[in-house]
Number of protein chains: 2
Amino acid sequence: MIRIGKLTDYGIVVMTHLARDPAQAVMAASDLAQATSLGPSTVAKLLKVLLRAGLLVSHRGIRGGYSLSRPAEEISVGQIIGAIEGPVVMTECGGQPANKCSMRHVCTAQSHWHRIDDVVREALESLKLEELARPLRLRKAGALQRQPGDQQPADRRRSKRP
Amino acid sequence: MIRIGKLTDYGIVVMTHLARDPAQAVMAASDLAQATSLGPSTVAKLLKVLLRAGLLVSHRGIRGGYSLSRPAEEISVGQIIGAIEGPVVMTECGGQPANKCSMRHVCTAQSHWHRIDDVVREALESLKLEELARPLRLRKAGALQRQPGDQQPADRRRSKRP
DNA sequence: CCTATACAGTACTAAATAGGTCCTGTTTAG
DNA sequence: CTAAACAGGACCTATTTAGTACTGTATAGG
C-alpha cells in the first residue's frame, strides 16, 4: 500500500503536540517524548530533522528545547512529510528528469505519475498543522462527517506503536 | 517519501502493455517479460496477483496466456495498485477501525488522514488504464501541459530497473 | 491419447530499507 | 564551572520487498 513511514507519523504527532501548546513554550525533547509515549532517542532524532528543515527552532543550554519556527497555520502536513521523507514522488521516475529513466521508451506512464503526484502534493500542502492541532470536537461540522462503519476492515500487517 | 513498490510499478507497465495491444490478444507471461525487459519470474508472479484480483483472465494450455478481463477504460490505476499493494492508506491508523489505534487519545490526526487518503484514492481511481496506454503524442493537449524545467531534480536513491 | 507448453501455487533466499539506540561533542543558564 | 539539553553522527537490528525456484495441473495440437 501507499504509505508514509512510522517516523513521519511520529513527526506529525510531535508537531501537533507542539502546536497545541497555548503558550507556544519551548519544550525539551525528553518532555515531548513523554507526552507522546515515544522513545526519547527517536524523538530526538526526529526533532533534529524537523529543525534542519526549518520547521522548528531550537534553544540550547540548560533551559533549552524546541518550538515551532512559525505559526501552525503556516506549516503544512506536506512540509512535515517532505522534511522527513523527502519530496512526494510515487515512482522511480518521479524524482529524476524524465529522460534519465531507463524505461522511458517503453513507459508512457511518466506524465501521469506526475499528475498523480501533483494531486497528492496539493492535498498534503493544503492541510495545515493548525487544523490538526485543533481538538476534534471543535472542528467545523460537515467537512469531516463520516458514517460509522464507513471504515474498511482491511487487513493490517503492522499494528502498534512501541 | 510516499511511494509505491517496484512491483506495482512493473504491474502498471505490464498492464499498459496488454492494454496497448490493438488485437487484445492473449499474451504469454514470457512474452510480456521480454516486451517489458523484466525478469520472467517476476512477471509471472505479478500476473498471478493481477489475475486473482480479477483484472486479468488467463488461458492455460499450450497456446495460453493472459489478457485484460475488461476494456482498459474500465480498469483504473487505483485498482492495479490495490491489487498489488492492498488498499491505499497512509498511516497505521488508516487501515484499522479508529478505536483500535493505541494512540487514539493523543492523536487527533485520524480523521484528517482519512481525508487525505480519500483524495489520493480518488485521484488514483480516476486515472484509467486506457489513458496510460494511449501514446503520449495523441493525448488531448492542455490537460497535461508541463513547462520544461518543471521537474524537480530531487535526489533519488534507487535508480534503475534490473 | 500423449506431450510440450504455459498457467497455478507456494516456498525460499537475498538485498534493501526503516526503525531504533547510543555515543561523543558543543552550548549555555544559573 | 557544571549540569541540562541540543548537534551530529555511527551503528545495529528487524521488517519488508524483490526476485527466484520448484512442483503441480490443464490443454491445444499432432
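Quick note on labels: first sequence line is chain A, next is B, and so on, each numbered from 1.
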Between P on D:dA18 and CG on B:L38, what's the gap in Å once rounded to a whole number? 12 Å
State whether A:T42 places a side-chain N or O below 4.0 Å from either non-bridging phosphate oxygen (OP1 or OP2) of C:dT21. yes
Would you find more than 12 non-hydrogen atoms of other residues, nucleotides or ligands less than 6.0 Å from A:E73 atom CD? yes
Are more than 12 heavy atoms from other residues, nucleotides or ligands located less than 6.0 Å from atom CZ of A:R70? yes
Taking atom CD of A:E74 as the centre, report whether more than 12 heavy atoms of other residues, nucleotides or ligands fall under 6.0 Å from it. yes
If you count the non-hydrogen atoms of other residues, nucleotides and ligands that lie under 6.0 Å from CD in B:Q34, is the total more than 12? no
Answer yes or no: side-chain N or O of B:R60 and base N or O of D:dT25 forming a donor-acceptor pair under 3.5 Å. yes
OP1 or OP2 of C:dA8 sitting under 4.0 Å from any side-chain N/O of B:S58? yes
Roughly how many Å is it from CG in B:L46 to P in C:dC7, rounded to a whole number? 13 Å
Closest of C:dA8, D:dC6, D:dT20 to the B:Y66 side chain is C:dA8
Is A:Y10 close enough to C:dA18 that one of its side-chain N or O atoms is under 4.0 Å from OP1 or OP2 there? no
Atom pair distance, as rounded to whole Å: NE2 in A:H59 and P in C:dT27: 17 Å
How long is the line joining NZ of A:K45 and P of D:dC11, in whole Å? 14 Å
Tell me: CD1 of B:I62 to C1' of D:dA28, nearest whole Å? 6 Å
Specify the separation, in whole Å, of atom NZ of B:K48 and atom C1' of D:dG24. 11 Å
Classify the side chain of B:R63 versus the base of D:dT27 as yes if they form a donor-acceptor pair under 3.5 Å and no if they do not. no
Pair A:D118 + A:R121: basic N to acidic O under 4.0 Å: yes
B:I84 CD1 to D:dT16 P, straight-line distance once rounded to whole Å: 19 Å
Base, sugar-phosphate or nothing for A:A44? Non-hydrogen atoms, less than 4.0 Å. nothing
With a non-hydrogen cut-off below 4.0 angstrom, is B:L47 in contact with a base, only sugar-phosphate, or nothing? nothing
Value in whole Å for how far the P atom of C:dA6 lies from CG of B:L56: 17 Å
